[in-house]
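For reference, the structure is listed below as C-alpha cells.
Positions are given from 1, in the same order as the sequence printed here. Below, all heavy atoms of this structure are taken into account, side chains as well, without hydrogens, waters or symmetry copies.
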Amino acid sequence: MEKLITQLSKEFKRLPEHVENVIKLIDEGNTIPFIARYRKELHGEMDDSLLRDLSERLQYLRNLEQRKAEITASIESQGKLTEELVKAIEEAQTLAKLEDIYRPYKQKRRTRATIAREKGLEPLAELLFAQDLREGTLEELAQPYIVSEKGVETAEEALQGASDIIAEQISDNAEIREQLRELINEYGMLISEATDANAESVYQLYYEFEEALPRLQSHRILAINRGEKEKFLKVSIDIDPAQALKIIRKKVIKHGSISTDFVSRAGEDAYDRLIFPSVEREARNTLTDTASEQAIKMFAVNLKPTLMQPPVKNMVTMGFDPAYRTGCKIAVVDETGKLLETGVVYPTMPHNKTDEARMVLSRMIKKHGVKAIAIGNGTASKESEIFVADMLKNISGVSYMVVNEAGASVYSASKLAAGEFPELDVSLRSAVSIARRLQDPLAELVKIDPKSIGVGQYQHDMPPARLDASLGGVVEDCVNAVGVDMNTASPALLSYVSGLNATTANNIVAYREENGAYSSRTQIKKIPKIGAKAFEQCAGFLRIPESKNVLDNTGVHPESYKATEKILNICGYSLKDVLAGKVSELREVVKKLGTATIAEQAGVGVPTVNDIVAELLKPGRDPRDELPPAMLRTDVMDMKDLTPGMIIKGTVRNVIDFGAFVDIGVHQDGLVHVSELSNRFVKHPSDAVKVGDIVNVRVLSVDTGKKRIALSIKQAGDK
C-alpha cells in the first residue's frame with residue numbers, strides 16, 4: 001500500500017496523505033462525485049476528472065501487482081525462480097515489460113523449437129549458443145545428435161533444430177525485445193498502400209502514405225486502421241533491419257568461436273520470423289491504444305459541454321422532427337416537458353402542403369402558448385427551417401433553434417420511450433425528445449447511449465468497455481454537478497446520481513407515484529434498497545424544491561445541516577433569511593470573521609464552508625444558468641447567402657483533433673481548422689474551444705458542390 005501511495009503521489013504531484021485518503025475512500029465504496037464534492041478536506045480539493053484518472057491508475061497498478069504475484073508463483077513452481085528474476089519482476093513498471101520477463105517461462109504452443117527439444121537437440125543448441133569452442137566443425141558437433149528414432153537423419157537437420165532453439169531463446173530475451181520496441185517506436189515508419197489503387201474510397205489520402213511513428217496523429221491512425229479493416233489499405237511498419245540486427249548481435253554474439261556465424265544467422269532468423277512480427281504487432285496495438293485513448297478523451301471532452309448546454313427554461317416548446325415523404329412529426333410540451341399535443345404536417349416535398357401545415361402549426365402555437373420551436377437537424381431539416389422561419393414572420397414572440405437530433409431515433413425505439421409514451425408512434429416520440437432537448441439537454445440526453453449523441457469520432461472503433469466507462473463517468477459527473485429534482489426526474493436521470501442504480505432509481509419514482517411529491521430529503525431513507533451508505537452517497541445531489549427546509553434544495557449535504565446552521569448563526573443569519581434571499585452579504589461576513597475560524601467553530605473544513613456559503617447564496621441554483629444562453633433564431637440563411645469575409649455568430653458543435661465544427665445557421669456546419677482557431681499557438685483544438693461555445697467566425701470559403709464551409713475564429717477577432 002505504501003509503495004502504491006508513493007508512486008501515485010509522485011505521478012499526480014499530490015501529497016501522499018491526500019492520495020492515501022482517496023484510496024481509502026474508493027475502497028470504502030464511495031463514488032467519485034461524492035468524494036469530489038463532499039470530501040475535499042481529505043483529498044486537497046481534487047476535481048472529479050483528476051480523481052477518475054487517479055482511480056484508473058490505481059486499478060492498473062493493482063493489476064500489475066497481482067500479475068507480478070501470479071508470474072512469480074508460476075516461475076517458482078517450475079523451480080526456476082532466482083534472485084535476479086525476483087528483482088526484475090519487482091522493478092517492472094508496465095505489464096508489457098512484465099510479460100517480456102515471463103515469456104521464456106510461459107507455456108507455449110508447439111513451436112519449431114519445442115519440436116527440436118523433443119528430438120533431444122537442446123544440449124547441442126546450448127553448446128553452440130555458448131560460443132566457447134575455437135576448433136572443430138559444426139558438423140562434427142552435430143554427429144552425436146543424429147538419431148533416426150527421434151527424426152534426426154542428418155547433421156543439417158540437427159543444426160537446423162539447434163538454430164530453431166537458439167532463435168526462440170533470442171526472441172524470448174526481455175532486454176532485446178525492449179530495445180527493439182524502443183527502436184521501432186522512435187524510428188519506425190508506418191506505411192499505408194492501396195489494395196487497389198483504382199478503387200474510390202474515403203481512404204485515398206492513405207493510398208501512398210508513410211509517416212514516422214512518433215509524428216502520427218491519432219485521427220490518422222484510426223482512419224488507416226478502418227481502411228485496413230475494410231480492405232482498402234495494406235499497412236505495415238518499416239524499420240532499418242541493420243539497426244535491429246545490431247542490437248541483437250551486440251547482446252548475443254561472442255566473436256572468435258566456430259559457432260559465431262551460426263548464432264548470428266539464428267539471430268537474423270529470430271528477428272525476421274519471431275521478433276519483428278511480434279514487435280510490429282505490439283507497435284500497431286500501442287498506436288491504436290494511444291489513438292483510442294485520445295479519441296475517447298475527445299469524446300468525453302465534447303460530451304461534457306453537450307450535456308451541460310444551458311436549458312431553455314419556462315417555455316412551452318414545439319418539437320419539429322423533419323421528414324419528406326412521411327411528413328414532419330410535431331410534439332408540443334409544456335414548461336416541464338409534459339406532452340400536450342402531437343401532430344403530423346407536410347410542408348416539404350413531395351407533398352408541399354405548406355398552407356395547411358402553417359395553419360395547423362399556427363393553431364397549436366396559439367392554443368398552447370408556444371414560445372420556442374426545436375427543429376431536428378436530420379433529413380429535410382433545411383427545408384423545415386426555411387418553412388418555420390417564414391411562418392414566424394407573422395407570429396411574434398416565437399423563435400426557433402436547430403437541435404442536434406443524434407440518437408433521437410434510438411431513444412424513440414427504446415423500452416424507456418415505450419414506457420413513457422406507450423400510446424405514441426415511434427416517430428412522434430422523436431419529436432417529443434427533440435423538444436425536450438431544447439428545454440433541458442441533460443435530462444433528455446441521459447436517456448440515450450452517450451455513443452449515439454454524435455460528438456465523437458471513430459467511436460465504433462473504440463474498445464466498448466473502455467468507452468462506456470469513460471462516457472458513463474462524464475454523464476455521472478454532469479448529472480451530479482447539476483443536481484436532480486426528485487419530484488420531476490425520470491428513472492434514467494436518477495440512475496446516474498451518486499449511490500443510485502437502475503433499481504433504486506425506479507424505486508424513487510414508484511414511491512413518488514404512490515405517495516405523492518417528496519417534501520423532505522429524510523424520505524429518501526424510506527425508499528426500498530436505499531440503506532445508510534446509499535443515502536450518504538446520493539442525498540446531497542438530490543433536490544426537493546417543495547421542502548420546508550431550504551437546504552433540501554441545495555448542494556449542502558444533510559451531514560452538514562447542523563454545521564450550516566452554526567455558520568449562519570455565527571454570521572448573524574438564519575435559514576429563514578436564506579429562504580427570503582436576505583444573505584447576499586454572507587460571503588463578505590465570512591471573510592471578515594475569518595473562514596478558518598468559522599470552519600473550526602462549525603466543525604468542518606474550509607472547503608466545506610466555502611461550498612456551503614456558495615449554496616446558501618443561490619439555493620436551487622443551476623450551474624448551467626451561468627453559461628451563455630442557447631442561440632434562438634427567427635430568420636434563416638442558406639449556403640448561397642454566404643460570402644468570403646462575412647462575419648457571423650455561431651455555436652461550436654463538435655471538436656476534433658484537427659479543428660472544430662461550428663453551426664452558423666445554414667444547416668451545413670463549417671470547419672474551423674486548428675490553425676484558424678486562435679492567434680496564439682494551439683496544441684489541440686480543445687485547448688481553444690469547447691462544444692456549446694458561442695463564437696464569431698469569418699467565412700473563408702464556401703464550396704456549395706461539396707457542401708464545405710471554411711471558417712476562421714482568429715480572423716473574426718474572437719481569439
Side-chain angles (χ1 to χ4, degrees), residues 22-39 48 51-52 55 59 307 337 411 414-422 440 442-450 465 468-549 551-562:
V22 171
I23 294 174
K24 287 180 179 178
L25 287 165
I26 291 171
D27 289 344
E28 288 168 1
N30 296 288
T31 68
I32 295 298
F34 177 81
I35 296 171
R37 180 67 176 81
Y38 297 112
R39 294 296 181 262
D48 45 23
L51 286 167
R52 288 191 187 280
S55 177
Q59 188 59 51
L307 295 174
Y411 160 75
S414 68
K415 288 184 179 179
L416 179 59
E420 281 192 280
F421 305 108
D440 192 338
L442 178 61
E444 194 61 24
L445 291 175
V446 293
K447 301 174 184 177
I448 302 163
D449 184 338
D468 288 344
S470 177
L471 300 186
V474 172
V475 178
E476 185 180 24
D477 290 342
C478 290
V479 169
N480 290 286
V482 172
V484 174
D485 186 339
M486 287 187 70
N487 287 326
T488 61
S490 67
L493 187 60
L494 286 163
S495 68
Y496 281 104
V497 171
S498 167
L500 301 182
N501 54 35
T503 300
T504 49
N506 281 313
N507 288 347
I508 287 174
V509 174
Y511 186 94
R512 183 176 76 204
E513 291 174 348
E514 183 177 343
N515 299 283
Y518 291 97
S519 58
S520 169
R521 272 178 173 162
T522 57
Q523 289 177 275
I524 300 171
K525 297 178 179 179
K526 299 179 181 179
I527 298 165
K529 298 193 180 298
I530 295 185
K533 187 67 176 180
F535 176 81
E536 176 193 53
Q537 299 298 303
C538 75
F541 302 107
L542 296 171
R543 308 282 187 268
I544 305 177
E546 296 82 1
S547 176
K548 293 180 180 178
N549 187 341
L551 298 182
D552 283 351
N553 193 32
T554 70
V556 177
H557 196 283
E559 68 185 10
S560 298
Y561 279 10
K562 289 183 179 179

- Message: Aromatic contact between Y496 and F541, with the criterion being ring centroids under 6.0 Å apart: yes or no?
- Response: no
- Item | Test log, rule side-chain contact (heavy atoms from CB on, under 4.5 Å), inputs I448 and L445 | CA-CA 5 Å; I448 302 163; L445 291 175; 4.2 Å; yes
- Item | Student check: side-chain heavy atoms of V497 and N480 closer than 4.5 Å | yes
- Message: For S519, is there any backbone N or O sitting under 3.5 Å from a side-chain donor or acceptor partner on S547?
- Response: yes
- Quick one: salt bridge (charged side-chain N to carboxylate O under 4.0 Å, His left out) pairs with a partner in residues 474-502, sequence neighbours left out? R52-E476, R52-D477
- Message: Test: salt bridge (charged side-chain N to carboxylate O under 4.0 Å, His left out). Region: residues 525-547. Which pairs qualify, not counting sequence neighbours?
- Response: R39-E536, K533-E536
- Please test S490 against K447 for side-chain contact (heavy atoms from CB on, under 4.5 Å), starting from the C-alpha separation and ending with a verdict. CA-CA 9 Å; S490 67; K447 301 174 184 177; 4.0 Å; yes
- Message: Counting only heavy atoms from other residues, nucleotides and ligands, does the tally under 6.0 Å from CD of E28 exceed 12?
- Response: yes
- Message: Ignoring hydrogens and geometry beyond distance, is a side-chain donor-acceptor pair present between T504 and N501 at under 3.5 Å?
- Response: yes
- Query: Are the side chains of L471 and D449 in touch, meaning some heavy atoms are under 4.5 Å apart?
  - Reply: no
- Message: Tell me whether Y518 contacts the main-chain N or O of I508 through its side chain, where contact means a donor paired with an acceptor under 3.5 Å.
- Response: yes
- Query: Do the non-hydrogen side-chain atoms of L442 and C478 ever get within less than 4.5 Å of each other?
  - Reply: yes
- Non-hydrogen side-chain atoms of L542 and L494 separated by less than 4.5 Å: yes
- Query: Checking D552 side chain against I544 main chain: does a donor-acceptor pair fall under 3.5 Å?
  - Reply: no
- Message: In the structure I gave you, are the side-chain heavy atoms of Q523 and M486 within less than 4.5 Å of one another anywhere?
- Response: no
- Task: Determine yes or no for a side-chain-to-main-chain donor-acceptor pair under 3.5 angstrom, with R512 supplying the side chain and A489 the backbone.
- Result: yes
- Hits for salt bridge (charged side-chain N to carboxylate O under 4.0 Å, His left out) against R37, two or more places apart or cross-chain, chain-then-number order -> D611, E615
